Amino acid sequence: MVCLVIKNGGPAALPEWKALFAHLMPDLTVRDWGDPALKPSEVEYALVWKPEPGRLAEMVNLKAILSAAVGVDHITRDPDWPKAVPLIRMGGEEPVQQMEDYVLWAVFSILRDVPVWRVGQQDKVWARQDTPPRMSDSMRIGVMGLGSLGRPVAMRLARTGFQVSGWARHARTLEGVTCYAGPDGLIPFLQSCDTLICLLPETQETRAMVTYDMLAQLRKPAGFINVGRGPLVVEADLLRALDDGTLHAAVLDVFDREPLPASSLLWTHPRVLVTPHAAADASRSARAEYVASVIQALEQGRDVPLRYDPAKGY
Ligand code: NDP
């Protein structure tokens with residue numbers, strides 16, 4: 001019997017997890033992370049969200065760690081996480097589709113100046129604008145990060161009729177998307193677009209990467225969407241860019257501190273839409289299906305995609 005321990009949704013979620021895995025992998029033993037009777041040496045697979053530092057290191061027979069999220073920074077911030085154990089990111093169709101939907105909503109919100117309508121509605125002001133709305137085919141969108149999420153997002157935007165460019169570490173070819181790569185490609189990439197979407201992972205290289213100077217490179221009117229991670233952006237620079245008009249609007253899903261503190265100026269900024277880290281969040285059944293497929297592949301000695309690479313940091 002293979003043993004999976006779960007830290008995702010708390011003990012209340014355990015019956016649902018058990019029912020899902022009973023159907024998908026009847027031979028799997030499913031245990032709760034907080035079960036006082038759990039012996040760390042029993043655990044072979046761990047499906048986790050924000051594990052307490054040091055706990056994974058005690059699980060000496062771990063064959064793989066499965067992140068309950070697409071990002072893994074909530075695991076790798078534990079200095080003692082067992083780095084020799086494969087760390088697999090959450091995958092499947094659901095988070096990709098959800099991210100595409102969210103980004104489309106965010107892009108159209110910037111295109112149609114929704115922050116102005118939001119403030120108008122709050123203040124009961126009929127906030128009609130003098131100028132006609134922009135057209136989607138005039139909007140130039142840049143996607144930073146062309147990974148498992150950035151690639152489908154960029155191609156969906158291109159299919160929807162936007163002009164799209166993308167930037168990543170390595171050069172690549174994507175249908176309908178003009179691609180730039182590496183440090184040399186960054187400035188030409190930024191200057192090619194008016195709306196920047198951040199879909200990078202949080203690594204040593206990407207932390208605090210989005211600065212005022214970078215946002216100032218964008219064409220006008222400039223928009224910014226952050227669905228990567230909050231620490232990628234220097235928040236003071238973002239506010240400065242919004243205040244002085246360098247940025248016309250921003251849609252933000254991720255923040256330096258989450259939940260976003262009540263004192264944050266971003267909550268009430270007239271040019272900002274805030275969402276609560278909600279862009280992509282796969283259902284339990286989709287997660288269970290994905291986790292079962294990963295465990296089955298690893299048990300059969302097959303490799304799996306979406307494996308964290310410690311050398312790259314993502
Ligand atoms: P991947 O690891 O598949 O892709 C990462 C991309 O970023 C790659 O294209 C990579 O380049 C690029 N990249 C990494 N470092 C650099 C760098 N220093 N310079 C330039 N490009 C770089 O990640 P995903 O697409 O699966 O996910 C991206 C992030 O989205 C996650 O890490 C997570 O933080 C966030 N996320 C947010 C969610 C939300 O609800 N807001 C939900 C899910 C994920 P290359 O292709 O050349 O390797």
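Numbering of ligands and ligand atoms starts at 1, following listing order. What's counted below: heavy atoms across the whole structure, side chains too, no hydrogens, waters or symmetry copies. Computed from a prediction, not measured in an experiment: that's the story for all the values here.
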Please write down residue, atom name and distance for the protein heavy atom closest to atom 9 (O) of ligand 1. L146 N, 2.8 Å
Counting non-hydrogen protein atoms only, what is the nearest one to atom 11 (O) of ligand 1? Give residue, atom name and distance. R169 N, 3.3 Å
For the CD atom on E93, are there more than 12 heavy atoms of other groups (residues, nucleotides or ligands in this structure) within a distance under 6.0 Å? no
Numbered in order shown, the ligand 1 atoms found under 4.0 Å of a heavy atom of E205 are 18 (N)
Relative to the heavy atoms of G145, which atoms of ligand 1 are at a distance of less than 4.0 Å? 6 (C), 7 (O), 9 (O)
Ligand 1 and M209, any nitrogen or oxygen pair closer than 3.5 angstrom? no
With a 3.5 Å cut-off and no angle check, do the side chains of T275 and Y102 form a donor-acceptor pair? yes
Nearest protein heavy atom to atom 48 (O) of ligand 1, by residue and atom, and its distance? Y314 OH, 2.5 Å
Stacked cation flag R112 on W117, 6.0 angstrom / 45 deg: no
List every atom of ligand 1 that sits less than 4.0 Å from any heavy atom of L149, numbering the atoms from 1 in the order shown and giving each element. 24 (P), 25 (O), 26 (O), 27 (O), 30 (O), 43 (C), 44 (C)
When you check the side-chain N and O atoms of E299 and Y45, is any donor under 3.5 Å from an acceptor? yes
In ligand 1, which numbered atoms sit nearer than 4.0 Å to a non-hydrogen atom of M99? 37 (C), 38 (C), 39 (C), 42 (C)
N or O pair under 3.5 Å between L199 and ligand 1: no
Thinking salt bridges, do D101 and R156 make one under a 4.0 Å N-O criterion? yes
The atoms of ligand 1 lying under 4.0 Å from a heavy atom of R229, numbered in the order shown, are 33 (C), 34 (O), 35 (C), 36 (N), 37 (C)
Should one rank C198, P201, G91, A168 by closest heavy-atom distance to atom 7 (O) of ligand 1, which comes out on top? P201
Under 4.0 Å from any heavy atom of V254, which atoms of ligand 1 are there? 41 (N)
Considering non-hydrogen atoms of the protein only, which is the closest contact for atom 41 (N) of ligand 1, and what is the distance? D253 OD2, 2.9 Å
Taking only heavy atoms of V70, which atoms of ligand 1 are found under 4.0 Å from at least one of them? 26 (O), 27 (O), 43 (C), 44 (C)
Verdict with supporting geometry, H248 and D194, side-chain hydrogen bond (donor to acceptor under 3.5 Å, both in side chains): CA-CA 10 Å; H248 183 70; D194 52 55; over 6 Å; no
If we count only N and O atoms by modelled type, under 3.5 Å, do the side chains of Q129 and D113 hold a donor and an acceptor together? yes
I need the nearest protein heavy-atom contact for atom 40 (O) of ligand 1: residue, atom name and distance, please. A280 N, 3.1 Å
To the nearest 0.5 Å, tell me how far S148 OG sits from L306 CG. 5.0 Å
Is it true that K83 and D78 have a side-chain N and a carboxylate O under 4.0 angstrom from each other? no
Quick check on contacts: which atoms of ligand 1 are under 4.0 angstrom from a heavy atom of G150? 25 (O)
Tell me which part of Y102 gets within contact of ligand 1: side chain, backbone, both or neither, using heavy atoms under 4.0 Å. neither
Taking the ring of Y308 and the ring of W81, is the distance between their centroids below 6.0 Å? yes
Atom 29 (C) of ligand 1: closest protein heavy atom, distance to 0.1 Å, is L200 O, 3.8 Å
For the 3.5 Å polar cut-off, considering only N or O atoms, please tell me whether T203 and ligand 1 meet it. no
Indicate yes or no for a side-chain donor-acceptor contact from W17 to the backbone of D32 under 3.5 Å, with no hydrogens or angles considered. no
Salt bridge between R207 and D256, side-chain N to carboxylate O under 4.0 Å? no
For the CD atom on E175, are there more than 12 heavy atoms of other groups (residues, nucleotides or ligands in this structure) within a distance under 6.0 Å? no
On a heavy-atom basis, the closest approach of L232 and E202 is CD2-CA, 3.7 Å
Check this for me - ligand 1, W167, N or O atoms closer than 3.5 angstrom, yes or no? no
Which residue holds the protein heavy atom closest to atom 35 (C) of ligand 1, what is that atom called, and what is the gap in Å? G228 O, 3.5 Å
Heavy-atom nearest neighbour in the protein, as seen from atom 1 (P) of ligand 1, with distance rounded to 0.1 Å: R89 NH2, 3.4 Å
Out of E202, Q204, R172, whose heavy atom is nearest to atom 46 (O) of ligand 1? R172
For D244 and T246: C-alpha separation, side-chain torsions, deciding distance, then whether side-chain hydrogen bond (donor to acceptor under 3.5 Å, both in side chains) applies. CA-CA 6 Å; D244 73 6; T246 298; 2.6 Å; yes
Compare V227, L306, N226 and give the one whose heavy atom is closest to atom 37 (C) of ligand 1. V227
Shortest reach to atom 39 (C) of ligand 1 by a heavy atom, considering only H277, Q98, K312: H277
